[in-house]
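Within every chain, numbering begins at 1; the chains are lettered A, B, ... in the order of the sequence lines, protein sequences first and strands thereafter. Scope of the values below: all heavy atoms of this structure, side chains included, with no hydrogens, waters or symmetry mates.
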Amino acid sequence: MSIKPARTRIAPSPTGHMHLGTARVALYDYLLAKKTGGQFILRIEDTDLKRTVPGAEQEIMDGLRWLGLQYDEGPDVGGPHGPYRQTERRDIYQHHAKILVDKGHAYPCFCTPDHLEKVRQEQMKRKENPHYDGTCRNLAPDEAAKRIANGKACTIRFKMPHEGATVAHDHLRGDITTENKQLNDYVILKTDGLPTYHLAAIVDDHEMEITHVMRGSEWLSTFPLHVNIIRAFGWEEPTWVHLSVFLKPSGKGKMSKREAAQAMKDGYSIFIKDMQDLGFTPEGVLNWSALMGWGVAEDDVMTVGQMVERFTIASLTPSPAAINFQKLDHFNATHIRLLTTADLAARLKHYFTCEGLNVNDDVLLKMIPLIRERLTTLDDCISFGAFFFKDEVAPVAEDLIAKGLDAKQSAEVARKAYQILEAQPDLSHERCEPPFREYVESSGFNAGQVFGILRVAVTGQKVSPPLFESMEIMGRDVCLRRLQHAIGMLEKM
RNA sequence: GCCCCCAUCGUCUAGUGGCCCAGGACGAAGCCCUCUCAAGGCUUAAACCGGGAUUCGAAUUCCCGUGGGGGCACCA
C-alpha cells in the first residue's frame, strides 16, 4: 500500500501508569512505520511539571520494550531529531511562539488565573459557554512590550479567527467542520515558559517530520485548533487519525479508576506493567488490543509480523470499543500454544522460580508439551505443573478417596497400583498404562476411580496433565515414594 | 448548557447499492473425543437503534430523532 515511508510517534505524558490505550496507539504507530519502512518514535510529553510522576517515563520505555515495540528514536536511544523529551526543547517552543506572535497569529496575555476564573464564573452564571473573553487580544504591541519590560508574567495565546469555519480532515472520519466562534484563544505558552500540548505537539511533529499522527479521539475537540496552528506556521499537515477510546467492559462509559481496580480483582489489568505478573504474553496483549479498533474479516490470530503485513489505516474503526478481558484470555492462550517449547520453557521458568521452585531444565522441557494447551496465562503453569519440581506433594486426604468408594477400597486400589508400578522396569507411558487398564477391567472399579486415586497420590492434585505421561517424567522412584505415602494416609483414615 | 464524534449478534468486528433471509472471532448452549482439566472436531441460538427520503433495489447514500462517547484548563 503506502509507498512512502511513514514516520509515526507515540507521545505519552509521564503522569501515571502506562495503560492499554497507549499500548494500542503505539502498536498501530509501530505497524504503520514497519509496513512502510519508516520510523517509529517515542517522545515524552512532560511539559506539565506538576503532574509528572517519577518513574513513569521509565515505565513507558519498559512497557514498550516488553511489548516488543522498539522505537527507532527516543529519549534513551537518541536520533537525529532530538531531544525527545519536551522539557529539553523549551527554546524551540519559545522560538516558535515568537514566530506566531510576530506573524500576528498569537499574542501575550497578562490575565491572571484569578481573573480568568472570575470571568468563567460569570459566564457560567449567564449560561454562556466558558471561554477566554479576549481582554488581551487587542492590546497594543507597545503596551504589551512595556508590561513585559516591567517583568509582568504573561502567557502566549493563539489568536483564533472569529469568523468562518475550520475544516480539518481526519483520515477515518472525513472532514470535520467547526465554526471558529466555537474555538477559544487557547494558551500555547505558559507563564513558566513551557508550552501547552497544542504548541508542543504541533511543533515537534513538524520538527520530527512526523507523517501520520494517530491519537485518541479526546483530541478531536481541539483538532481544529491544531490545524489552525499548523496553517499559521505555513506547514504541511500530517495525516490525522483519531482513534476511538476504550470503554469499560459493560460498555457504559470509559475505563475509570474504579473499573481498573475491579479488573485487578478479577486477575486482569489495563496497565502494561501488570501484564507480565498476571501471566499475559506480549503476543496475546498485542493481538487483543490490536483488534479493538481494527477490523479484520477472518483469521484474527496474528503475530506482530503478520499484523505488519495486514495493517492499513483504512481498516481502523472509529467507534468506541468495550474492553473484553475474556478475549484477552483467548488470545493469550492461543499464542502460548503457538510458542516453541524452548521459548515457552524460558518464559515459564520465570514463574516457577518466582514460586520458589527449583527448576530442572530437562524436566521443564519434557513437561511443557503436557501442560501447554492447558495454560490460559503463563502463571497457570504453577497450578498445573509445580508438582514436577517439588520434593514431596501434599494431597488433601479426602481427595485420595475416589468417588463412589470408601477409604478402605481406595487404599486397596492404591496398594494394587503400587504393585503394578513396582513391577515396571521403567515408567514409559506406553508400557505403564496397559497393566492399569487390565486392572480396571478385572477389578470392577472404573477408570476414573483408579486413575483418580493414582493422580492425587502422585501429583498431589485432582486436576493434572495426563497421568501416565506425567509419571514417566517424574520417574519411578518419585512415583513409588509418593504412592507409598498416600497408602499410609489412606490406611489411617 | 454548548460543540464534536460514534451507532451491525451480549462483546470485538466483516460488509463501501444487488454476491447478505448479513460472514468471522470471543463468550453461551449441545454433541463427539476422553484417566481429571484442557485442547481439538461438529452443531445451535444470537445483530443491521427508530423514522423518513433517494433508488428498480439500502446494513451500505442523505435528513431528523434516539442512544452512547469525548471535549469545553496556564492538563495532556
Side-chain angles (χ1 to χ4, degrees), chain A residues 11-15 45-48 50-51 109 111-113 116-117 120 124 127-132 153-157 170 172-173 176-179 181-184 186-192 194-198 200-201 215-224 242 244-245 247 249-254 288 291-301 315 317-331 333-334 337 370-376 380 383-384 433 436-437 440 446-456 459 461-468:
Chain A
S13 58
T15 53
E45 309 221 325
D46 55 353
T47 56
D48 187 346
K50 290 182 287 293
R51 290 205 311 151
C109 170
C111 296
T112 63
L116 259 19
E117 184 53 34
R120 216 189 326 272
M124 302 232 292
K127 290 191 170 176
E128 285 175 24
N129 287 333
H131 64 282
Y132 179 59
C154 73
T155 61
I156 303 293
R157 285 182 185 272
D170 177 90
L172 286 186
R173 299 159 201 265
I176 294 167
T177 307
T178 312
E179 296 292 327
K181 59 171 184 267
Q182 298 295 340
L183 271 0
N184 227 326
Y186 286 89
V187 169
I188 56 173
L189 198 73
K190 302 181 281 183
T191 47
D192 65 3
L194 283 166
T196 59
Y197 174 89
H198 311 305
R215 45 156 36 170
S217 64
E218 65 268 22
W219 294 112
L220 234 28
S221 57
T222 42
F223 183 25
H242 288 90
S244 60
V245 292
L247 269 25
S250 63
K252 304 277 181 208
K254 64 170 179 179
W288 174 58
L291 261 22
M292 286 187 284
W294 175 15
V296 173
E298 271 163 58
D299 300 323
D300 58 1
V301 174
S315 55
T317 57
S319 42
I323 285 179
N324 182 321
F325 288 115
Q326 286 178 317
K327 210 151 182 171
L328 203 213
D329 280 340
H330 165 255
F331 281 116
T334 304
R337 277 179 252 131
L370 266 39
I371 67 168
R372 175 187 274 124
E373 67 264 28
R374 277 160 249 265
L375 304 177
T376 297
D380 284 344
S383 60
F384 277 108
E433 186 168 347
F436 275 97
R437 293 280 174 195
V440 166
N446 65 44
Q449 292 167 328
V450 173
F451 295 156
I453 291 167
L454 189 53
R455 164 175 285 108
V456 174
T459 68
Q461 51 200 51
K462 287 165 85 171
V463 173
S464 83
L467 226 205
F468 295 100

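Nucleotides rC64(B) and rC3(B) place their P atoms 13 Å apart, quoted to the nearest Å. For the C1' atoms, the distance from rC26(B) to rC63(B) is 37 Å, rounded to whole Å. Only the C1' atoms considered, rU44(B) is 33 Å distant from rC6(B), to the nearest whole Å. Going from the C1' atom of rU60(B) to that of rA22(B) covers 11 Å, rounded to whole Å. rG65(B) and rA28(B) have their C1' atoms separated by 34 Å, given to the nearest Å. rU13(B) and rC42(B) have their C1' atoms separated by 24 Å, given to the nearest Å. Taking atom P on both rG1(B) and rA45(B), the two are 44 Å apart, rounded to the nearest angstrom. With C1' as the reference atom, rA7(B) and rC49(B) are 7 Å apart, rounded to whole Å.
In this structure, P195(A) reaches the sugar-phosphate backbone alone: every heavy-atom distance under 4.0 Å involves primed, P, OP1 or OP2 atoms, never a base. Here P465(A) lies in heavy-atom contact (under 4.0 Å) with a base. Within the 4.0 angstrom heavy-atom criterion, only backbone atoms of the sugar-phosphate kind lie near G253(A); the bases stay farther away. Among the protein residues, S464(A) comes within range of the nucleic acid bases, having at least one heavy atom under 4.0 Å from a base atom. Within 4.0 Å of W288(A), counting heavy atoms only, lies no atom of the nucleic acid at all. P318(A) comes within 4.0 angstrom of the backbone, heavy atoms only, and of no base. T317(A) comes within 4.0 angstrom of the backbone, heavy atoms only, and of no base. Among the protein residues, R437(A) comes within range of the nucleic acid bases, having at least one heavy atom under 4.0 Å from a base atom. Using a 4.0 Å heavy-atom distance criterion, T191(A) is classed as a base contact. C111(A) comes within 4.0 angstrom of a nucleotide base, judged by non-hydrogen atoms across all strands. Residue N129(A) is classed as a base contact, given a heavy-atom separation below 4.0 Å to a base.
By the side-chain contact (heavy atoms from CB on, under 4.5 Å) test, P113(A) is found to be paired with no residue, residues two or more places apart in sequence or in another chain being considered. A search for side-chain contact (heavy atoms from CB on, under 4.5 Å) contacts involving K462(A) returns D399(A), V456(A), not counting sequence neighbours.
In the 5' to 3' direction, nucleotides of RNA chain B lying under 4.0 Å from heavy atoms of chain A begin and end at rG1(B) to rA76(B).
In this structure, Y132(A) and C111(A) have side chains that are in contact, with non-hydrogen atoms separated by less than 4.5 Å. Side-chain contact between F331(A) and L291(A): present, with at least one pair of heavy atoms (C-beta onward) separated by less than 4.5 Å.
Where Q182(A) and E45(A) each meet RNA chain B at their nearest nucleotide, the meeting point lying more 5' is that of Q182(A).
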